[in-house]
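Everything numeric in this text was worked out from a predicted model, so none of it was measured. Order of appearance sets the numbers: ligands from 1, and atoms from 1 within every ligand.
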Amino acid sequence: MRYLTFALGKGRLASKTLEMFEKIGITCEEMKDKGSRKLIFVNEELKLKFFLSKGPDVPTYVEYGAADIGIVGKDTILEEGRRMYEVLDLGFGKCTMCVCGPESARELLKHHELIRVATKYPNIAKDYFYNKKHQTVEIIKLNGSIELAPIVGLSEVIVDIVETGSTLKENGLKVLEEVCPLSARMVVNQVSMKMENERISRIIQDLKSIL
Ligand SMILES: Nc1ncnc2c1ncn2[C@@H]1O[C@H](COP(=O)(O)OP(=O)(O)OP(=O)(O)O)[C@@H](O)[C@H]1O
Ligand SMILES: O=P(O)(O)OC[C@H]1O[C@H](OP(=O)(O)OP(=O)(O)O)[C@H](O)[C@@H]1O
């Protein structure tokens with residue numbers, strides 16, 4: 001039997017993902033060691049391999065077949081646009097992609113002004129403003145601390161993830177429009193889905209029964 005390989009993001013979703021797999025008997029003791037710098041873990045008994053990558057790289061590993069299965073946020077799936085099957089909504093990691101800014105930006109949005117939009121998600125932002133709203137905007141790609149942009153005058157609004165809303169609140173910003181709800185998803189390589197159908201379907205069924 002060959003190894004079935006899982007790509008997991010090493011960020012926020014990691015601990016919930018391990019908890020979930022543990023509930024269906026898929027465990028990997030050595031992966032729980034928080035201090036470890038190791039990136040790949042093996043469960044010899046079940047012939048499983050797990051590796052930890054940057055969240056946005058999970059779809060890349062899955063599309064190319066370096067991983068059979070990936071666990072990743074819907075935001076990353078939308079942003080990366082990789083060819084793979086999205087098979088399950090895992091129901092954790094819930095948050096919302098939003099257009100945010102100071103209250104004063106509401107008018108600019110309403111009147112379809114040519115505004116600047118700072119974001120870590122240029123593809124999601126483009127799709128929202130161009131295809132859904134038919135509004136021309138200038139997209140500025142950032143890599144983090146997106147809430148800074150409207151405060152320091154880099155952009156009028158941002159497109160970013162809102163979970164509790166505390167980052168917005170502490171920086172005097174508001175949700176102006178909701179783009180889409182997000183949560184963690186299980187994704188599968190298209191060839192693996194055929195070649196390892198029995199094992200992968202079993203995992204999907206087991207997960208469905210606990211979700
Ligand atoms: N408050 C939140 N902020 C960001 N992401 C969140 C939040 N709540 C849930 N998520 C989900 O968790 C996923 C992983 O988020 P995380 O912040 O760990 O980033 P990452 O995608 O691993 O990348 P990076 O480490 O480069 O920031 C996101 O893609 C998103 O779907
Ligand atoms: O609504 P909240 O619960 O406050 O969560 C949302 C914040 O968390 C994320 O940032 P993250 O902590 O990943 O840091 P980053 O801005 O450097 O990406 C996201 O980009 C928001 O800034």
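- Under a 4.0 Å N-O distance rule, the pair Asp160/Lys120 does not qualify as a salt bridge.
- Scanning all protein heavy atoms for the shortest distance to atom 5 (N) of ligand 1 gives Ile161 CD1, 3.6 Å.
- Counting heavy atoms under 4.0 Å from ligand 1, residue Lys54 touches it through the side chain alone.
- Between the side chains of Arg185 and Ser183, at least one donor N or O sits under 3.5 Å from an acceptor N or O.
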*Take Val175 and Glu178 through the test side chain to side chain contact (heavy atoms under 4.5 Å, CB included) and record every step on the way to the result.*
CA-CA 7 Å; Val175 172; Glu178 291 193 359; 4.3 Å; yes

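- Glu44 and Tyr3 are linked by a side-chain donor-acceptor pair at a separation below 3.5 angstrom, with hydrogens and angles left out of the test.
- Put simply, atom 17 (O) of ligand 2 has protein non-hydrogen atoms near it, under 4.0 Å away.
- Not a single heavy atom of Glu170 sits under 4.0 Å from any atom of ligand 2.
- The protein atom (non-hydrogen) at minimum distance from atom 6 (C) of ligand 2 is Ile161 O, 3.3 Å.
- Atoms of ligand 2 lying under 4.0 Å from at least one heavy atom of Gly144, given by number and element, are 15 (P), 16 (O), 17 (O), 18 (O).
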*Applying side chain to side chain contact (heavy atoms under 4.5 Å, CB included), run through Leu207 and Ile203 and close with a yes or a no.*
CA-CA 6 Å; Leu207 288 175; Ile203 293 169; 4.0 Å; yes

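- Of the charged side-chain nitrogens involved, at least one lies within less than 4.0 Å of a carboxylate oxygen, so that Glu177 and Lys133 count as a salt-bridged pair.
- Near Lys120, the atoms of ligand 2 lying under 4.0 angstrom from a non-hydrogen atom of the residue are 18 (O).
- Proximity to Gly73 (heavy-atom distance under 4.0 Å) selects the following atoms of ligand 1: 31 (O).
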*Should Gln190 and Arg83 be marked as a side chain to side chain contact (heavy atoms under 4.5 Å, CB included) after you check the CA-CA gap, both sets of side-chain angles, and the distance that decides it?*
CA-CA 8 Å; Gln190 294 185 339; Arg83 266 175 307 200; 4.3 Å; yes

*Verdict with supporting geometry, Val188 and Met186, side chain to side chain contact (heavy atoms under 4.5 Å, CB included)*: CA-CA 7 Å; Val188 178; Met186 175 169 154; 4.0 Å; yes

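- Without hydrogens or angle criteria, Asp57 side chain to Thr60 main chain gives no donor-acceptor distance under 3.5 Å.
- For atom 15 (O) of ligand 1, the nearest non-hydrogen atom of the protein is Arg12 CB, 3.9 Å.
- Under 4.0 Å is where a charged nitrogen must lie from a carboxylate oxygen, and between Glu138 and Arg116 no such pair does.
- Between Lys49 and Asp68 no salt bridge is recorded (no basic side-chain N to carboxylate O distance below 4.0 Å).
- Among the atoms of Lys94, none of the N or O lies under 3.5 angstrom from an N or O of ligand 1.
- Judged purely by distance below 3.5 Å, without hydrogens or angles, the side chains of Asn123 and Glu79 pair a donor atom with an acceptor atom.
- Closest to atom 20 (O) of ligand 2 by heavy atom, among Thr167, Thr164, Asp160, is Asp160.
- Within a 4.0 Å radius of atom 31 (O) of ligand 1, the protein contributes at least one heavy atom.
- Put simply, part of Lys120 is less than 4.0 Å from ligand 1, judged by heavy atoms.
- Taking every heavy atom of Val162 and a limit of under 4.0 angstrom, the matching atoms of ligand 2 come to 1 (O).
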*Worked check of ring-ring contact (aromatic ring centres under 6.0 Å, His included) between Phe50 and Phe41*: CA-CA 5 Å; Phe50 300 87; Phe41 307 91; 7.9 Å; no

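- When each atom of ligand 2 is checked for a heavy atom of Glu147 under 4.0 Å away, the hits are 21 (C), 22 (O).
- For Pro56, the closest heavy-atom approach to ligand 1 falls below 4.0 Å.
- Considering backbone and side-chain N/O atoms, Asn143 never comes within less than 3.5 Å of an N/O atom of ligand 2.
- When the heavy atoms of Gly55, Ser183, Ala14 are ranked by distance to atom 20 (P) of ligand 1, first place goes to Gly55.
- Of the residues listed (Ile140, Leu154, Ile158), the one engaging Ile146 in a side-chain contact (heavy atoms from CB on, under 4.5 Å) is Ile158, and it is the only one.
- Under the 4.0 angstrom criterion for non-hydrogen atoms, Lys169 is not in contact with ligand 2.
- Residue Ser145 approaches ligand 2 through these ligand atoms, each under 4.0 Å from one of its heavy atoms: 15 (P), 16 (O), 17 (O).
- Shortest contact from atom 10 (N) of ligand 1 to any protein heavy atom: Cys95 SG, 3.6 Å.
- Scanning the protein heavy atoms around atom 1 (N) of ligand 1, the nearest turns out to be Glu163 OE1, 2.8 Å.
- The closest protein non-hydrogen atom to atom 8 (O) of ligand 2 is Arg12 NH2, 3.6 Å.
- Taking a 4.0 Å cut-off on heavy atoms, Thr76 registers as neighbouring ligand 1.
- Looking at Asp75 next to ligand 1, an N or O pair under 3.5 Å apart turns up.
- Considering backbone and side-chain atoms together, Lys10 places no N or O closer than 3.5 Å to any N or O of ligand 1.
- Classification of Lys16 and Glu19 as a salt-bridged pair fails, no side-chain N sitting under 4.0 Å from a carboxylate O.
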